[in-house]
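Data first, discussion second: the structure below is written as structure tokens.
Note that the coordinates shown come from a computational prediction; the quantities given were computed from them, not determined experimentally. In each ligand, atom 1 is the first atom listed, and ligand 1 is the first ligand listed. Sequence positions, counted from 1, serve as the residue numbers for this chain.
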Amino acid sequence: MTVELNKRRKRPSWHKLTVSRVRPLTDDSLEVTLAVPPELRKTFDFKPGQHITFQRVEDDGSEVRRSYSLASTPRELAEHGTLRLGIKFIPKGSFSAYAKRVLAPGDVLEVLPPLGVFCTEPDPGRHYGAIVAGSGITPILSIAAAALDTGATVTLLYSNRTGESTMFADELAELERRHGDRLRLHHIRTRSEGASPLLTGRLTPDRFREVLTGLVDSEEIDEWFLCGPYEMVLGVKEVLEEAGARQIHTELYYVD
Ligand SMILES: Cc1cc2nc3c(=O)[nH]c(=O)nc-3n(C[C@H](O)[C@H](O)[C@H](O)COP(=O)(O)OP(=O)(O)OC[C@H]3O[C@@H](n4cnc5c(N)ncnc54)[C@H](O)[C@@H]3O)c2cc1C
């Protein structure tokens with residue numbers, strides 16, 4: 001019998017992908033579409049919720065690597081050969097400011113294939129819940145679209161300052177039109193008036209407890225996805241745990 005020693009796991013490698021489209025989503029964010037050639041489709045296949053990583057050398061020679069969740073679905077990759085992501089500009093941010101300043105169709109980026117465990121294999125019998133703020137919508141858009149496609153139900157609480165600063169608002173409205181009440185979308189507004197007092201102002205743990213008594217029945221939800229700033233994600237997670245939530249996934253984009 002031959003025993004294979006030192007069997008190495010294949011490390012993911014960098015690939016060049018071309019930007020095929022750039023469009024503004026809001027005043028401070030944009031959507032970037034990447035074209036994936038047929039020979040790389042398998043390499044870039046992903047589970048809804050995963051992210052890709054870009055590598056870029058700055059003018060001073062330093063290397064910058066940043067991750068961005070995929071907003072598109074595996075089906076879009078299979079049918080159209082595209083990956084879409086949403087980048088929110090961070091003041092003085094090295095990658096996001098570069099994307100805002102210069103990224104244009106035809107540019108070639110160094111990209112690491114999809115990674116991450118903030119994901120699921122959508123199941124038609126499940127009810128998914130998501131609580132997100134700002135650019136935290138990107139992985140949830142993918143998860144929600146893929147889950148709704150299979151026949152699942154999705155409840156989404158999405159917090160933004162105003163309607164104008166809401167990334168992917170049109171795409172979510174389109175999902176609502178297509179899937180009717182299998183998508184239960186609640187926009188929270190922190191700097192303008194929401195649809196009700198419950199949906200106006202920051203989603204603190206106390207406010208979220210009220211949401212769980214008045215608007216969303218956590219008993220109905222099989223699997224939760226939380227994505228956004230540290231404080232909101234951890235606060236909401238604690239309340240869900242108190243309420244006996246069965247499965248909770250979290251993704252933090254930034255910890256100060
Ligand atoms: C798994 C994963 C997925 C992600 N997906 C997305 C996505 O879909 N869309 C998206 O826009 N971002 C996403 N991010 C965040 C992204 O990777 C970058 O951190 C972000 O774009 C800032 O990078 P930068 O180079 O522009 O700023 P940097 O040069 O890294 O930072 C500039 C300044 O901003 C602060 N800062 C850094 N990041 C943030 C932030 N997110 N919020 C507030 N302040 C910040 C830094 O402390 C610094 O002071 C994701 C992060 C992770 C880990």
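For atom 19 (O) of ligand 1, the candidate residues are Glu58, Gln50, Arg56, Arg66; the nearest heavy-atom contact is made by Arg66.
With Thr155 contributing its side chain and Gly129 its backbone, the two residues share no donor-acceptor pair below 3.5 Å.
Surrounding CD of Gln247 are more than 12 heavy atoms belonging to other residues, nucleotides or ligands, all under 6.0 Å away. Shown here is Arg191, whose CZ atom has no more than 12 heavy atoms of other residues, nucleotides or ligands within 6.0 Å.
No hydrogens or angles considered: nothing links the side chains of Ser159 and Arg202 as a donor-acceptor pair under 3.5 Å. Side-chain N/O atoms of Thr82 and Thr33 include no donor and acceptor closer than 3.5 Å.
Annotation for ligand 1: atoms under 4.0 Å from non-hydrogen atoms of Ile87 are 11 (O). Atoms of ligand 1 found under 4.0 Å from any heavy atom of Ser135 (numbered from 1 in listed order, with element): 9 (N), 10 (C), 11 (O). Below 4.0 Å from some heavy atom of Glu251 lie the following atoms of ligand 1, by number and element: 1 (C). Counting atoms of ligand 1 from 1 in the listed order, those under 4.0 Å from a heavy atom of Thr138 are 7 (C), 8 (O). The distance from ligand 1 to the heavy atoms of His51 drops below 4.0 Å at these ligand atoms: 1 (C).
Any N or O atom pair closer than 3.5 Å counts here, and Ser94 shares at least one such pair with ligand 1. At least one N or O atom of Lys88 sits closer than 3.5 Å to an N or O atom of ligand 1. Looking at Phe95 next to ligand 1, an N or O pair under 3.5 Å apart turns up.
The OH atom of Tyr98 sits 5.0 Å away from atom CZ of Arg56, with the distance rounded to the nearest 0.5 Å. Atom CD1 of Ile248 and atom CD of Glu223 lie 11.0 Å apart (nearest 0.5 Å).
Residue Gly86 places a heavy atom less than 4.0 Å from ligand 1. Heavy atoms of Leu85 come nearer than 4.0 angstrom to ligand 1 in no pair at all.
For an aromatic pair to be called close, the ring centres must be under 6.0 Å apart, and Tyr68 with Phe95 satisfies this.
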